[in-house]
Amino acid sequence: MNWSEILIFVAGILTKVIFDLLTGSVSDFFAEKFKDYVIDRAKSRYTIIKTPPPAKEFHCFRLGNFEIPAMSILGSPETPFHLNEVEVEFQPELKEEKPDYPLELKATRHYLIQECIKRYNLKSVDENILPRLDDVEQGPEQADDKRGLLKIKLSLTQFASLCAANLSVDQCVIPRKGLIAQFTANQTIREAYETTPYSELSKSILSNAPGVEVIIISRNLNQFPQDQLIIRRRSSTVAFFRGYYQSSAAGYMSLAHSTPDGLPSPFVTAVTEARQEVADSLTSTPDEFHLIGLMLQWQVLHPAFYGYIVTGKSIQELLGDFKRDTYEGSLSAIPFEPKSALT
């Protein structure tokens with residue numbers, strides 16, 4: 001091999017090495033650094049906007065003198081789900097640690113948590129682990145016109161992630177797409193990631209730690225009216241929505257609210273929260289919770305299961321009983337009929 005052949009051979013090797021570097025690890029390195037730069041530049045444009053008008057899929061449910069824009073993902077008051085009609089599929093993996101979780105959202109986490117602390121006047125935000133609602137599926141109709149099973153798919157999230165995602169959904173912290181736009185403007189988390197159809201929870205990147213809202217109906221022949229329900233006004237010391245009226249009891253699904261086989265369950269959450277927040281003597285079992293369905297709230301795109309428990313205990317017994325979580329708010333009763341419940 002002469003010198004000219006050696007030079008050609010070496011030049012060929014160098015060309016291949018440079019090509020491989022530029023199309024491989026080196027190009028990936030520069031792409032990653034460029035993305036980091038874009039994300040860093042976006043920090044100077046962080047701001048929050050007002051909640052936009054609700055999308056057409058969300059209806060305004062009137063309760064007294066205020067309206068709640070919400071969307072029914074599934075369910076009907078006429079045909080609530082019972083315990084034996086629901087199946088839970090649980091994958092104990094954190095959503096925020098999966099490879100497809102957006103880097104832009106990760107980069108805003110600390111800022112959004114601190115903003116949430118300021119906005120809601122919190123002392124701190126913890127990192128406790130909660131179930132995450134990945135999706136819900138209702139099976140096809142079965143024989144004899146029987147409804148298909150409802151499958152609830154869960155993984156894991158953190159309370160801090162709830163603050164940095166659902167509760168921050170209208171924070172302008174995500175760089176817009178486009179070569180020029182990514183350097184000049186931000187978009188909200190809602191605009192960047194949450195698109196229609198909102199009912200497809202599997203496409204959501206939000207924390208989506210599901211809540212459970214429970215109405216307690218007292219049905220007792222020795223009281224007037226015989227059917228009454230409990231409502232609660234949230235105290236000034238709770239984390240969110242201070243002073244608002246809400247259902248009898250409510251809470252996030254918890255890993256502590258699990259079935260004997262270790263699966264988180266909205267039925268277990270419902271009866272646990274009812275006992276802790278309404279009355280110690282309210283010892284309902286999970287199969288006594290009637291799961292009406294699943295709603296999605298527009299303001300923070302937060303999913304919540306909702307339903308009711310009927311008890312023979314009188315309103316006097318319930319309101320006068322001990323309860324663990326008195327700090328949640330004050331309880332009162334109204335007749336269980338549309339005019340009183342909706343005005």
Rounded to the nearest 0.5 Å, the CG atom of N208 sits from the CG atom of L296 at a distance of 7.5 Å
Which of parallel (below 30°), tilted (30 to 60°) and perpendicular (above 60°) describes Y46 and Y111?
tilted
Grouping I, L, V, M, F, W and Y whenever their side-chain heavy atoms are under 4.5 Å apart, do I215 and V268 come out in a common cluster?
no
Qualifying residue for side-chain contact (heavy atoms from CB on, under 4.5 Å) with V300, from L167, T51, L162
L167
Can R109 and S161 be counted as having a side-chain donor-acceptor contact under 3.5 angstrom?
yes
Quick one: which of Q228, Q223, K313 gives a side-chain hydrogen bond (donor to acceptor under 3.5 Å, both in side chains) with S218?
Q223
Salt bridge check: are E104 and R176 linked by an N-O gap of less than 4.0 Å?
no
Decide if atom CD of Q114 counts as having more than 12 heavy atoms of other residues, nucleotides or ligands within a radius under 6.0 Å.
yes
Are H257 and S265 packed together at the side-chain level, in the sense that at least one heavy-atom pair is separated by less than 4.5 angstrom?
no
Which heavy-atom pair separates Y193 from P102 by the least distance, and what is that distance?
OH-CB, 3.4 Å
Quick check: does any side chain N or O of S258 sit under 3.5 Å from a backbone N or O of L255, one acting as donor and the other as acceptor?
yes
CG/L112 to CD1/I117 distance, rounded to the nearest 0.5 angstrom?
11.5 Å
Does a salt bridge link E277 with R232, judged by any charged N lying under 4.0 Å from a carboxylate O?
yes
So that I can tick it off, tell me whether D134 and R132 are bridged by a salt bridge, with the cut-off set at under 4.0 angstrom between side-chain N and carboxylate O.
yes
With a sphere of 6.0 Å drawn around NZ of K98, does it hold more than 12 non-hydrogen atoms of other residues, nucleotides or ligands?
yes
Are E141 and R147 close enough for a salt bridge, meaning some N to O gap below 4.0 Å?
no
Mind checking whether V214 and S247 have side chains closer than 4.5 Å, heavy atoms only?
no
Test: E137 and K153 ion pair at under 4.0 Å
yes
Is there side-chain contact between R190 and L301, with heavy atoms separated by less than 4.5 Å?
yes
Please examine the side chains of L133 and L294, heavy atoms only from C-beta on, and report whether any two atoms are closer than 4.5 Å.
yes
For a quick test of reading the model, state the closest non-hydrogen atom pair linking E194 to S204 and the distance between them.
OE1-OG, 3.1 Å
Given H290, which of F305, Y306, Y308 fulfils the ring pair (Phe, Tyr, Trp, His ring centres under 6.0 Å) condition?
Y308
Any side-chain heavy atom of N166 sitting closer than 4.5 Å to one from V169?
no
Is it the case that the ring center of Y252 lies less than 6.0 angstrom away from the ring center of H302?
yes
Reported CG-to-OG distance for the pair L94 and S155, which is rounded to 0.5 angstrom
8.0 Å
Not counting sequence neighbours, which residues clear ring pair (Phe, Tyr, Trp, His ring centres under 6.0 Å) with Y198? List them please.
F58, W298
Beyond-backbone contact of L150 with L74, side-chain heavy atoms, under 4.5 angstrom:
yes
Worked verdict on R275 versus T283 for side-chain contact (heavy atoms from CB on, under 4.5 Å)
CA-CA 7 Å; R275 186 169 188 271; T283 53; 3.8 Å; yes
Got a second to check how far E115's CD is from R119's CZ, nearest 0.5 Å?
7.0 Å
Which heavy-atom pair separates V212 from P266 by the least distance, and what is that distance?
CG1-O, 3.9 Å
For E317 and S281, test the side chains for any donor-to-acceptor distance below 3.5 angstrom and give the result as yes or no.
no
Can you check side-chain contact (heavy atoms from CB on, under 4.5 Å) on K151 and E89, steps first, answer last?
CA-CA 7 Å; K151 180 181 285 188; E89 183 180 291; 3.7 Å; yes
I'd like to know if D280 pairs up with K323 as an ion pair, taking the criterion as any Lys NZ or Arg NE/NH1/NH2 lying under 4.0 Å from an Asp or Glu carboxylate oxygen.
no
Close side-chain approach of D227 and P225, heavy atoms under 4.5 Å
no
Can you give me the closest heavy-atom contact between P80 and E85, atom names plus distance?
O-OE1, 3.7 Å
Is the NE2 atom of H110 crowded by more than 12 outside heavy atoms at less than 6.0 Å?
no
